[in-house]
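Quick notes on the structure that follows.
Just follow the structure's listing: the first ligand is 1, and inside any ligand the first atom is 1.
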Amino acid sequence: MTNPIVGVLAIQGDFAEHRHAIEQAGARSVEIRHLSDLDGIDALIIPGGESTTINKFDDAFGGKVFDTINAYARGGMPIYGTCMGSIVLAKQIESTTQRSMGLMNITVRRNAYGPQKKSFETMLAIKELGAEPYPAVFIRAPQIVSAGSDVTVMATINDTIAMARQGNLLVTTFHPEITDDLRVHEYFLAMIRDASQSCTAATPNLSMVR
Ligand code: GLN
């Protein structure tokens, strides 16, 4: 696979910035606005935004949006969730009845740093990305407060998790797409290339959701 096609969920949030970053890293990208757009992509990015909004959107479609993405993830498709994306991928969201896709073995605490004006940037050590610290931008970010033993913690901040991976799933509570540093998107692209070598295709069983 030379130039994988990465779908970016374009219902809400900063999908344009993710498209730009993943293309700069060497992939092609498409916007995902309909469930049928998921056919034929090699990987998916779920951008930052507002998780309650995406929940309402999923409700309006009877839960089919989450169910379909869930089926692709279980079929092995690499999925990267940023901030809001990490919330919807989580198995558990603290103190809420809000639904999620329940895919990644993590518990998240929404808006853990306070409101928008408490947004901040800090340098994080992420050894998988090299020796140079990574400029991580946190915007009304969640914290990942716990993770199962099947989750690899890649970065921490104040004793909570800021970046983690579980097999084909990657999450960051910060926003690499709004910096010029492409290393997180390059890392995701390497995951996509590895996945394409270890299995022929991300083939979901969609019979349940169609
Ligand atoms: N605070 C948002 C939520 O809880 C996430 C913010 C973001 O994605 N930048 O859904």
Tell me every residue that passes ring-ring contact (aromatic ring centres under 6.0 Å, His included) with Tyr113, counting only those two or more places apart in sequence or in another chain.
Phe120, Phe138

Cluster membership besides Ile178, Ile/Leu/Val/Met/Phe/Trp/Tyr side chains within less than 4.5 angstrom, sorted by chain and number, is Val137, Ile139

Between ligand 1 and the protein, which N/O pairs fall short of 3.5 Å?
from: ligand 1; atom 1: 1 (N); to: Asn111; atom 2: OD1; distance (Å): 2.5
from: ligand 1; atom 1: 1 (N); to: Arg140; atom 2: O; distance (Å): 3.0
from: ligand 1; atom 1: 1 (N); to: Arg140; atom 2: NH1; distance (Å): 3.3
from: ligand 1; atom 1: 4 (O); to: Arg110; atom 2: NE; distance (Å): 2.6
from: ligand 1; atom 1: 4 (O); to: Arg110; atom 2: NH2; distance (Å): 2.9
from: ligand 1; atom 1: 8 (O); to: Gly49; atom 2: N; distance (Å): 2.9
from: ligand 1; atom 1: 8 (O); to: Gly49; atom 2: O; distance (Å): 3.1
from: ligand 1; atom 1: 8 (O); to: Met84; atom 2: N; distance (Å): 2.9
from: ligand 1; atom 1: 9 (N); to: Ile139; atom 2: O; distance (Å): 3.0
from: ligand 1; atom 1: 9 (N); to: His175; atom 2: NE2; distance (Å): 3.0
from: ligand 1; atom 1: 10 (O); to: Ser51; atom 2: N; distance (Å): 2.7
from: ligand 1; atom 1: 10 (O); to: Ser51; atom 2: OG; distance (Å): 2.7

Supply the members, apart from Met123, of the Ile/Leu/Val/Met/Phe/Trp/Tyr cluster built from side-chain contacts under 4.5 Å; use none for a lone residue.
none

Determine yes or no for a side-chain-to-main-chain donor-acceptor pair under 3.5 angstrom, with Gln98 supplying the side chain and Ile93 the backbone.
no

Taking the inter-plane angle between the rings of Tyr134 and Phe174 on a 0 to 90° scale, is it parallel (under 30°), tilted (30 to 60°) or perpendicular (over 60°)?
tilted

Side chain proximity check, Asp42 to Val6, heavy atoms < 4.5 angstrom
no

